[in-house]
Amino acid sequence: MNTALLVIDVQNDFCPAGALEVARGDEIISDINQEMKKYNCIVLTQDWHPKGHSSFASSHVGKNPLDTIDMPYGEQVLWPDHCLHGSKGAEFHDKLDTQRANAVIRKGSNPMIDSYSAFFENDRKTVTGLDGYFKSLEIEKINLVGLATDFCVNYSAQDAAKLGYKVSVFEDMCRAIDIDGSLELARTAMRASGVELI
Ligand code: VGL
Ligand code: ZN
C-alpha cells in the first residue's frame, strides 16, 4: 500500500520552554527522524498564526488560556499566543530532520478560524489542500506522529479516516497536552473513527 508519514506540528512552541509547551514534546524527535527513513512521501505540518489570532486568549477581553469561547463554528479552546508566523516559536525544532519532507502544510493562518487538522479548518469545511495532494499521489494509508496527540494529531487522524485513508497513529511518537481528560477522549474518538492506535 502507498503510505505517507504525516508529522504534526513538531515546532519550538510545542516543545519544552515553548509558548504552548507539550510535556516531553521533544522526546519524540529522534524516533520520528528514524521513522522518516522508511517513507517516500513525508508531509510536515506547521501551526502558523497571525498576530491577534482568534484562538489566542489575549485576543479576547477577560479570557485566559484554556478558557473556551463560542465561535460561529462551535466551541473553541483559547490558547496562549503561539506559533506566530515567522517567529522562532513557529519554526520546526532544530533536531527535526526537515530535509526529508516532500511538503509542508501551514495551517491556522485565517485570523477568524483555528485549524487543528491538517485537512480541514475548525469550521470543518475550509480545506487545506492536503487531501488533494495525497489523492493525486495515490496515497492510501497515512501514519501520524507529532504534537499534540489530543488536538492536532487527533483531528488530523479522524479527518484522514473520514476521507477514506487507512490511518494509524504511532502513540510513542506523539505527546499530549491532556487538559481535563482530553487525551482519553481523543483516543476513544479516534478509535471510533476507525483510526488504529499503535
Ligand atoms: C495545537 C493547540 C493550538 C496542536 C495547535 O498542534 O495540537 N494545539 N494549536
Ligand atoms: Zn495553534
Side-chain angles (χ1 to χ4, degrees), residues 5-29 32 43-60 63-69 71 73-93 96 98 104-124 126 128 130 142 144-160 167 169-171 173-187 189-190 195 197:
L5 182 67
L6 182 53
V7 181
I8 303 291
D9 297 0
V10 181
Q11 293 164 265
N12 291 325
D13 271 345
F14 298 119
C15 289
L20 179 34
E21 174 176 345
V22 179
R24 302 182 295 126
D26 57 341
E27 279 180 7
I28 62 177
I29 298 172
I32 293 175
V43 174
L44 313 180
T45 67
Q46 201 170 19
D47 209 40
W48 197 252
H49 299 307
K51 225 173 116 187
H53 191 259
S54 56
S55 75
F56 297 166
S58 64
S59 304
H60 306 271
K63 292 289 184 186
N64 294 305
L66 307 189
D67 288 349
T68 56
I69 49 161
M71 293 295 279
Y73 54 81
E75 190 177 87
Q76 170 71 48
V77 179
L78 296 174
W79 304 106
D81 291 21
H82 65 280
C83 295
L84 283 169
H85 55 205
S87 69
K88 185 77 192 159
E91 284 175 18
F92 292 113
H93 192 285
L96 187 71
T98 58
V104 174
I105 287 281
R106 288 176 171 163
K107 59 184 181 61
S109 298
N110 183 332
M112 294 313 295
I113 311 179
D114 204 4
S115 188
Y116 294 148
S117 166
F119 297 95
F120 296 98
E121 296 187 2
N122 285 9
D123 63 0
R124 319 310 297 137
T126 309
T128 62
L130 183 57
I142 301 174
L144 285 102
V145 299
L147 306 169
T149 324
D150 40 348
F151 287 91
C152 292
V153 175
N154 171 32
Y155 276 69
S156 301
Q158 290 198 57
D159 282 348
V167 184
V169 170
F170 295 155
E171 289 191 278
M173 288 182 239
C174 297
R175 291 290 182 273
I177 296 174
D178 203 14
I179 31 173
D180 296 334
S182 58
L183 176 57
E184 269 323 301
L185 282 175
R187 297 180 82 234
M190 284 192 278
V195 173
L197 303 181

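Order of listing sets the numbers, starting from 1, for every ligand and every atom in it.
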Rounded to the nearest 0.5 Å, what separates atom [atom1] in [X] from atom [atom2] in [Y]?
X	Y	atom1	atom2	value
Ile177	Thr149	CD1	OG1	9.0 Å
Tyr155	Asp150	OH	CG	10.0 Å
His85	His53	NE2	NE2	10.5 Å
Met71	Ser54	CE	OG	3.5 Å
Tyr116	Asp159	OH	CG	13.5 Å
Leu84	Asp47	CG	CG	10.0 Å

Ionic contact status for Asp81 with Lys51, cut-off 4.0 Å:
no
Side chain or backbone, does [X] bring an N or O within less than 3.5 Å of an N or O on ligand 1?
X	answer
Leu20	no
Asp114	no
Tyr116	no
Cys152	yes
Asp9	yes

Would you mind listing which atoms of ligand 1 come within a distance below 4.0 Å of any non-hydrogen atom of Phe151?
7 (O), 8 (N)
Could you tell me which atoms of ligand 1, counted from 1 in the order shown, lie closer than 4.0 angstrom to a heavy atom of Ala148?
4 (C), 6 (O), 7 (O)
Do any heavy atoms of Gln11 fall under 4.0 Å from ligand 1?
no
What orientation do His49 and His82 show, parallel under 30°, tilted 30 to 60°, or perpendicular over 60°?
perpendicular
Among Asn122, Asp123, Thr128, which one satisfies side-chain hydrogen bond (donor to acceptor under 3.5 Å, both in side chains) with Thr126?
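Running side-chain hydrogen bond (donor to acceptor under 3.5 Å, both in side chains) over Asn122, Asp123, Thr128 with Thr126 returns exactly one hit, Asp123.
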For residues 5-23, which residue pairs qualify under salt bridge (Lys or Arg N to Asp or Glu O under 4.0 Å), counting only residues two or more places apart or in two chains?
Asp9-Lys107
Name the closest protein heavy atom to atom 2 (C) of ligand 1, giving the residue it belongs to and the distance to 0.1 Å.
Trp79 CE2, 3.4 Å
Structural part of Leu147 in contact with ligand 1, heavy atom criterion under 4.0 angstrom:
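Answer for Leu147: backbone.
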Looking at side-chain heavy atoms only, is the closest gap between Phe14 and Cys83 below 4.5 Å?
yes
How many protein N, O or S atoms are found at a distance of less than 2.8 Å from the Zn ion (ligand 2)?
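For the Zn ion (ligand 2), protein nitrogen, oxygen or sulfur atoms under 2.8 Å: 3.
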